[in-house]
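Chain A is the first sequence line, chain B the second, and so forth, proteins listed ahead of strands; every chain is numbered from 1. Model, not experiment: these values are computed from the prediction.
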Number of protein chains: 2
Amino acid sequence: MTGLNVRKQRILHAVVTDYIQTAEPVGSRTLSRHYQLDLSAATIRNEMADLEELGFLTQPHTSAGRIPTQQGYRFYVDTLMDTASLTQQEEKYLAKFFTQLQKMQEIDEIIKHTAKVLSSLTRYTSLVLGPQLRKSAFKQMRLIPIDGERALVVLITDTGYIKNKVIQLPKALNEKELNEIVAYLNKNLSGKTITSLTSAHLRKLRHDLYARIDILEQILNLLEESSAAGENRVFIGGASNILDQPEFRDMNKIKHLLTLFEQGERLVLMLDTNVDGLSIRIGTENNLAEMNECSLITASYYLHERPVGTIGVLGPTRMEYARVTTVIKEIAGRLNRLVELL
Amino acid sequence: MTGLNVRKQRILHAVVTDYIQTAEPVGSRTLSRHYQLDLSAATIRNEMADLEELGFLTQPHTSAGRIPTQQGYRFYVDTLMDTASLTQQEEKYLAKFFTQLQKMQEIDEIIKHTAKVLSSLTRYTSLVLGPQLRKSAFKQMRLIPIDGERALVVLITDTGYIKNKVIQLPKALNEKELNEIVAYLNKNLSGKTITSLTSAHLRKLRHDLYARIDILEQILNLLEESSAAGENRVFIGGASNILDQPEFRDMNKIKHLLTLFEQGERLVLMLDTNVDGLSIRIGTENNLAEMNECSLITASYYLHERPVGTIGVLGPTRMEYARVTTVIKEIAGRLNRLVELL
DNA sequence: CTTTAGCACTCAACTTAAGAGAGTGCTAAA
DNA sequence: TTTAGCACTCTCTTAAGTTGAGTGCTAAAG
């Protein structure tokens, strides 16, 4: 089904490997010299011509070497890629880093630092999505009166994400009444995630709190609004790293990417896919015009087996897929363990 | 004292104006044609030679026009610059924007949007510093127990900044005791800013809460840590705008700036100067190597006449000082009014 | 004494041409 | 089926003109 014999696969593997390292089109001579293919340049040339016809390789111009196409990378990632492992140094660095992170109690701090370590270790740009409110379960809720007219809703969730929101209070409402509402909500929402709230639930809430429907609506609004992509808690690490990639030497490309980085909602949409576990999206697979020459590797992180957020690495399609995959898996794993503690 | 006669000033003004617009060295011919100086190119040439000797102008190479030096810009900003005014369109846009902002109760949202509008209106990069905790006064504090071991401190300040922090609880401590501590702190801290806390205050607190010194220490730590630059709530708007400036066509310069943008602490340090009101820092006046070719215009915003944060615009030294100054003043004013409402 | 026209000179930026170098496809022999 | 050889292609680099904007200096005019 692959349609590629072993020799073609070995050659494709060599081309991808070399191009990832050098960012230069790879010629038949280079391959026959530096890789143990035991073939002459001429033979490799023939095979490469085939690989081009099959759509795995392409030439920037007639008399240049070959570079992988998107399909070429896809085949590499699916079939050829060997697994990398962390260096001892990296391992040590990560261990130390996460020991320090453990002392932090605030998830946002943790996420921010995760973005940083992810970008510094991969030398690409990292995108990390904090635990989404709609995927988190309620632990408890409090209402703190600020002045006669307003109160602060504090929502504590099991993912450690703490959400504040100021709401307007109707005039005639004393603290005791407030507390009753909160007690009621705590009892009925505790342990539930937003997504698990059925319309039956909501009907019941509306019925029971009929007298205080205005406050309820404001709180439900708060939940709604945070569960939409509107709330963009994406953290970007090492944005400047993209400048090191020769494929982004063009101002326009950088401009497009940086502009994308400023559009939190679109990033959330991109990261918050339903794909569980590890995902590698190459070039146009990202469905974003700005990212046609980029690849994005993402992994979910979990709380009690439930995916609550995403970490990701963004690079050129000529990305070190093997190494990045290893790093991202390792960091997602460590982040999991950290989130369980919150 | 200025050492510049009127004619030299008019010529310098024309050079700066032209160079700000075109980013090209300005020649004597251009000046005599496009500006009403009523002088021949030759005369202007003589004057420009003088201005160069005096350090206000410089030549990129022998046979090019002149461009302003840092000293030239400084003189322009201090003495020559005429005041710009907003277009009706801009005025309208701002009014509409801030009416919408008014509905938001969270200061961080407001600040984030301010950064956005500031960059989109100036077409430069904006840097906005949220209200600093140490400059805010306490409104109230709450302790919400999370589980047996931890509690959430919620700090509500008069600048609308709401600070959350999880602290460790000593085991033997019931909710009633907690509430007593909180009540005590509320009574003693309410209305005070961190900077106003004298060591006498602290001694008294420590004495009165001797039995619960551990919790007090944690809370004081929280205050300390947020008051140091450690807490970096800088919002950057339109970072990609720097790419539009021809002076940053060089990858290295962009890289340096983007890297700087990732270092929140340094940005806070830069923005949080003691200069009150409007400040214009040109080139090396910024004391940051990365910003030797940049100018930064900042303005404080206030709550009850007390400066609590900073908004700023970053551009090349060849920046539209007049226009940006007008925009930044206008936005700072509107932000003031908004913050008063929180 | 100040201003200006004229002129020679300078230097970056653009254009063109020539070569070098890396790589290919094809052919024919092993 | 594999490989050596060779003509061919195309980018990239370098060098040499060429252009044009702008200057400084000089001498004459106001």
Side-chain angles (χ1 to χ4, degrees), chain A residues 4-12 14-19 21-69 72 246-247 249-250 318, chain B residues 4-12 14-19 21-69 72 246-247 249-250 318:
Chain A
L4 291 192
N5 60 35
V6 177
R7 195 165 74 181
K8 282 199 177 58
Q9 294 195 16
R10 290 192 63 197
I11 291 176
L12 179 57
V15 172
V16 174
T17 307
D18 200 82
Y19 186 63
Q21 273 180 27
T22 64
E24 295 292 332
V26 188
S28 53
R29 193 112 153 228
T30 317
L31 290 181
S32 86
R33 275 200 196 139
H34 300 309
Y35 296 83
Q36 287 82 30
L37 297 169
D38 297 319
L39 292 169
S40 75
T43 310
I44 293 174
R45 270 205 289 286
N46 288 328
E47 292 289 41
M48 290 212 292
D50 289 357
L51 281 168
E52 177 160 6
E53 193 145 338
L54 291 167
F56 294 95
L57 295 179
T58 187
Q59 277 180 299
H61 55 86
T62 339
S63 66
R66 304 293 208 298
I67 64 178
T69 60
E247 28 269 280
R249 218 168 284 165
D250 176 16
R318 183 191 61 78
Chain B
L4 292 191
N5 60 36
V6 177
R7 195 164 75 181
K8 282 199 177 57
Q9 294 195 16
R10 288 192 66 197
I11 290 176
L12 179 56
V15 172
V16 173
T17 306
D18 200 81
Y19 187 64
Q21 271 180 27
T22 63
E24 295 290 334
V26 188
S28 52
R29 189 106 152 240
T30 316
L31 290 181
S32 88
R33 275 202 197 138
H34 300 308
Y35 297 83
Q36 287 82 30
L37 297 169
D38 296 320
L39 292 170
S40 75
T43 310
I44 294 175
R45 270 205 290 283
N46 288 328
E47 292 289 41
M48 290 211 291
D50 288 357
L51 282 167
E52 177 161 8
E53 194 144 336
L54 291 168
F56 294 95
L57 295 179
T58 187
Q59 274 181 301
H61 55 87
T62 339
S63 66
R66 304 293 206 299
I67 63 178
T69 60
E247 28 268 281
R249 216 168 282 166
D250 176 14
R318 184 190 58 79

Item to check | Partner set under side-chain contact (heavy atoms from CB on, under 4.5 Å) for B:N46, not counting sequence neighbours | outcome: none

Checklist entry - With sequence neighbours left out, what residues match A:R10 under salt bridge (charged side-chain N to carboxylate O under 4.0 Å, His left out)? => result none

Item to check | Closest non-hydrogen atom pair, A:I67 against A:P25 | outcome: CG2-CA, 3.7 Å

Checklist entry - For B:T43, what residues pass the side-chain hydrogen bond (donor to acceptor under 3.5 Å, both in side chains) criterion, not counting sequence neighbours? => result B:S40

Checklist entry - Does the side chain of B:R66 get closer than 4.0 angstrom to OP1 or OP2 of D:dT23 through an N or O atom? => result yes

Item to check | A:L39, nearest nucleotide to its side chain (from C:dT24, C:dT4, D:dT3) | outcome: D:dT3

Item to check | Non-hydrogen atoms of B:R318 and B:P246 that approach each other most closely | outcome: NH2-CD, 3.7 Å

Checklist outcome for this item: Per-residue pairing states of DNA chain C in dot-bracket (Watson-Crick or G-U under 3.5 Å; . unpaired, | other strand) read ||||||||||||||||||||||||||||||

Item to check | Any pair counted as salt bridge (charged side-chain N to carboxylate O under 4.0 Å, His left out), so long as it reaches residues 47-66 of chain B, sequence neighbours left out | outcome: B:R7-B:E47, B:K8-B:E47, B:K8-B:D50, B:E52-B:R66

Checklist outcome for this item: B:R33 CZ to D:dA21 C1', in whole Å, measures 11 Å

Next on the checklist: If I take atom CG in residue A:L57 and atom P in nucleotide C:dG25, what distance separates them, rounded to the nearest angstrom?
Outcome noted: 11 Å

Checklist entry - Taking CG from A:L31 and C1' from C:dG23, how many angstroms apart are they, rounded to a whole number? => result 12 Å

Checklist entry - D:dA21 C1' sits how many Å from B:I67 CD1, rounded? => result 16 Å

Next on the checklist: Can you measure B:E52 atom CD to D:dG22 atom P for me and round it to whole angstrom units?
Outcome noted: 15 Å

Next on the checklist: Please list, in numerical order, the residues of residues 40-50 of chain A that have a heavy atom closer than 4.0 Å to any atom of DNA chain D.
Outcome noted: A:S40, A:A42, A:T43, A:R45, A:N46

Checklist entry - How many angstroms lie between atom CG of A:L37 and atom CD1 of A:I44, to the nearest 0.5 angstrom? => result 5.0 Å

Item to check | Partner set under side-chain hydrogen bond (donor to acceptor under 3.5 Å, both in side chains) for B:Y35, not counting sequence neighbours | outcome: B:D18

Checklist entry - What closest approach, in Å, do B:V26 and B:L31 show between heavy atoms, and which atom pair accounts for it? => result CG1-CD2, 3.6 Å

Checklist entry - Rounded to the nearest Å, what distance is computed from the CD1 atom of residue A:I11 to the C1' atom of nucleotide C:dT24? => result 15 Å

Item to check | Separation of C:dG23 C1' from A:Q59 CD (nearest whole Å) | outcome: 8 Å

Checklist entry - Just how far, in rounded Å, is P of C:dG21 from CZ of A:R29? => result 13 Å

Next on the checklist: Taking 4.0 Å as the cut-off, does a side-chain nitrogen or oxygen of A:R7 come that near to OP1 or OP2 on D:dT2?
Outcome noted: yes

Expected list for residues 54-61 of chain B: side-chain donor-acceptor pairs under 3.5 angstrom, two or more places apart:
{"from": "B:Q59", "atom 1": "NE2", "to": "B:T62", "atom 2": "O", "distance (Å)": "2.9"}
{"from": "B:Q59", "atom 1": "NE2", "to": "B:A64", "atom 2": "O", "distance (Å)": "3.0"}

Checklist entry - What side chain to side chain donor-acceptor pair (under 3.5 Å) pairs are there with at least one residue in residues 21-34 of chain B, not counting sequence neighbours? => result B:S28-B:R45

Can you give me the N/O atom pairs linking the protein to nucleotides 9-14 of chain C at distances under 3.5 Å, or say none if there are none?
{"from": "C:dT10", "atom 1": "O2", "to": "B:S63", "atom 2": "OG", "distance (Å)": "2.8"}
{"from": "C:dC11", "atom 1": "OP1", "to": "B:T62", "atom 2": "OG1", "distance (Å)": "3.2"}
{"from": "C:dC11", "atom 1": "O4'", "to": "B:S63", "atom 2": "OG", "distance (Å)": "3.0"}
{"from": "C:dC11", "atom 1": "O2", "to": "B:S63", "atom 2": "OG", "distance (Å)": "3.2"}

